[in-house]
Amino acid sequence: MDHTNSQNAEKALKITTLLTLIVAGYEVLGSCQNYQMGMNLLDIASFANANLSMYCFVLILANLILLPSAILLYKQGGISLKEEIFDKSSLSKDIVLGISLAVISSVISLFSLILMRGRTDLAFGGWDRLTMSEIVLMAISLGFVSGFCKEIFFRGFAKNFCGSVFGETAALLLFNMMFGLLDWFNMGHSFVVGLLWIWGYKRSKHLIVPMIAHGGMNLISVLFYLVTL
């Protein structure tokens, strides 16, 4: 095994693990701070992002602080991040695929409403009235920052740096497990849609597909919140 490939894989794994621990750690802290006797796991998980503004700030800061390391790793690996994200010759087709996967992912998200029925009265009641600044912050953090940065970490790193070490499919699945762990509070939803985005990534060979699917699904969720107020 090439020593450089092994080193790059280790760096990619460390960066993504750090991102996972930071965000998941904040979510666990938020849940534990609101724990009450009698809560079930769904109740506890509901408080993971109850403080929406702080949660969004943590997502934005964690992703943007680690992004330069990701860009440097691509540069050291001799991989053009721009070409990894998109290719002009297939851009239109990739955009259509990404939008299609965003819609499918949003439909899958509706099943979480069934899961939420398992919550008790001790669960977080939800956000009744968010200010416009909070809605904009949510759209930026979930739709754009997460959609762009997380796909570089959880899909791009897996394929480009760990694929040669673990095998591409195994690496993508490993990183998708971390992706699901980062969003543990949605009880496996992120892992499931992550599999769909892996398929889109492998089919198109460009990160723009899972980026659009990921960011698009989150923006649709924000829109769903606004419509159902």
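Atoms CG and CE, on Asp121 and Met39 in that order, are 11.0 Å from each other to the nearest 0.5 Å. Summarising the geometry, atom OG belonging to Ser164 is positioned 11.0 Å from atom NZ belonging to Lys159; distances are rounded to the nearest 0.5 Å. From Leu61, atom CG reaches atom SG of Cys56 across 11.0 Å, with rounding to the nearest 0.5 Å. Residue Leu18 holds its CG atom at 8.5 Å from CD1 of Ile15, rounded to the nearest 0.5 Å. Of the inter-residue distances, the one linking Leu66 atom CG with Ile71 atom CD1 reads 11.5 Å to the nearest 0.5 angstrom. Ile212 contributes atom CD1, which lies 12.5 Å from atom OG of Ser105 (distance to the nearest 0.5 angstrom).
Qualifying side-chain contact (heavy atoms from CB on, under 4.5 Å) partners for Val136, counting only residues two or more places apart in sequence or in other chains: Met132, Ile140.
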Worksheet entry | Trace of the side-chain contact (heavy atoms from CB on, under 4.5 Å) decision for Met37 with Leu122 | CA-CA 9 Å; Met37 290 294 293; Leu122 296 175; over 6 Å; no

Worksheet entry | side-chain hydrogen bond (donor to acceptor under 3.5 Å, both in side chains) between Thr169 and Lys202, worked out | CA-CA 9 Å; Thr169 299; Lys202 294 187 73 171; 3.0 Å; yes

Item to complete: List the steps, then state whether side-chain contact (heavy atoms from CB on, under 4.5 Å) holds for Phe161 with Glu10.
Response: CA-CA 8 Å; Phe161 300 109; Glu10 183 179 351; over 6 Å; no

Worksheet item: Checking salt bridge (Lys or Arg N to Asp or Glu O under 4.0 Å) for the pair Asp183/Lys150: CA distance, chi angles, key distance, verdict?
Response: CA-CA 12 Å; Asp183 288 335; Lys150 281 186 182 179; 3.8 Å; yes

Discussion item. What verdict does the side-chain contact (heavy atoms from CB on, under 4.5 Å) test give for Ser190 and Leu182, after you've listed the backbone C-alpha separation in whole Å, the side-chain angles of each residue and the deciding distance to 0.1 Å?
Written reply: CA-CA 9 Å; Ser190 289; Leu182 184 147; over 6 Å; no

Worksheet entry | Residues Leu172, Glu168; criterion side-chain contact (heavy atoms from CB on, under 4.5 Å); working and verdict | CA-CA 6 Å; Leu172 284 164; Glu168 184 176 300; 3.9 Å; yes

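In this structure, Leu137 is not a member of the same hydrophobic cluster as Phe144, with clusters built from ILVMFWY side-chain heavy atoms closer than 4.5 Å. Two different hydrophobic clusters hold Val209 and Leu219 under the rule that ILVMFWY side chains link at heavy-atom gaps under 4.5 Å. Phe175 and Ile22 fall within a single hydrophobic cluster, where Ile, Leu, Val, Met, Phe, Trp and Tyr are joined by side-chain heavy atoms under 4.5 Å apart, directly or via other members. Tracing side-chain contacts under 4.5 Å through hydrophobic residues (I, L, V, M, F, W, Y), one never reaches Ile152 starting from Leu72; they form parts of separate clusters. Clustering ILVMFWY residues whenever any of their side-chain heavy atoms sit less than 4.5 angstrom apart, transitively, puts Tyr225 in the very cluster that holds Leu59.
No side-chain donor-acceptor contact under 3.5 Å links Asn63 to the backbone of Cys149. A donor-acceptor pair under 3.5 Å is formed between the side chain of Ser46 and the backbone N or O of Phe124. The backbone N or O of Met217 lies less than 3.5 Å from a partner atom in the side chain of Ser221, making a donor-acceptor pair. In this structure, the side chain of Asn40 engages the main chain of Gly118 through a donor-acceptor pair within 3.5 Å. Using modelled atom types, no side-chain atom of Asn218 and backbone atom of Gly143 make a donor-acceptor pair closer than 3.5 Å. A donor-acceptor pair is defined here as one N or O able to donate and one able to accept, closer than 3.5 Å; such a pair exists between the side chain of Ser112 and the backbone of Ser109. Proximity of a side-chain donor or acceptor of Asn49 to a complementary backbone N or O of Leu52 within less than 3.5 Å is not detected. Under a 3.5 Å cut-off, the side chain of Ser141 and the backbone N or O of Met138 do form a donor-acceptor pair. Although no hydrogens or angles enter the test, the distance criterion places no donor-acceptor pair under 3.5 Å between the side chain of His189 and the main chain of Met187. The backbone N or O of Phe191 sits less than 3.5 Å from a side-chain atom of Asn176, completing a donor-acceptor pair.
Nearest heavy atom pair, residue Asp43 against residue Gly38, reads OD2-O, 4.4 Å. Residues Ala213 and Leu101 approach most closely at CB-CB, 3.7 Å, considering heavy atoms. Closest approach of Ala45 to Trp184, counting heavy atoms only: CB-CZ3, 3.7 Å. Minimum interatomic distance between Phe166 and Leu174 (heavy atoms only, all atoms of both residues): CE1-CD2, 4.3 Å. Taking every heavy atom of both residues into account, Val23 and Ala62 meet most closely at CG2-CB, 4.2 Å. Contact detail for Ala171 and Ala158: the closest heavy-atom pair is CB-O, 3.4 Å.
Leu130 places a side-chain heavy atom less than 4.5 Å from the side chain of Trp127. With contacts defined as side-chain heavy-atom distances shorter than 4.5 Å, the pair Met54/Tyr26 qualifies. Looking at heavy atoms from C-beta onward, Tyr55 lies in side-chain contact with Glu27 at the 4.5 angstrom threshold. At least one side-chain heavy atom of Trp199 sits under 4.5 Å from a side-chain heavy atom of Leu97. No side-chain heavy atom of Asp94 sits less than 4.5 Å from a side-chain heavy atom of Phe86. Ile85 is listed as a side-chain neighbour of Met211, based on a closest heavy-atom distance under 4.5 Å. Contact annotation: the side chain of Leu42 never approaches that of Met116 to less than 4.5 Å [non-hydrogen atoms, C-beta and beyond].
Of the candidates Phe179, Phe154, Phe148, Tyr201, Phe179 is the only one forming a ring-ring contact (aromatic ring centres under 6.0 Å, His included) with His214.
Ring pair Tyr74/Phe157 is tilted by interplanar angle, where 30° to 60° counts as tilted.
Under a 4.0 Å N-O distance rule, the pair Asp87/Lys82 does not qualify as a salt bridge.
Within 6.0 Å of atom CD in Gln76, more than 12 heavy atoms from other residues, nucleotides or ligands are found, so the atom counts as buried in its surroundings. Annotation: Phe111, atom CZ; neighbour count of heavy atoms from other residues, nucleotides and ligands within 6.0 Å does not exceed 12.
Inspection of the Asn160 and Glu84 side chains reveals an N or O donor paired with an N or O acceptor under 3.5 Å.
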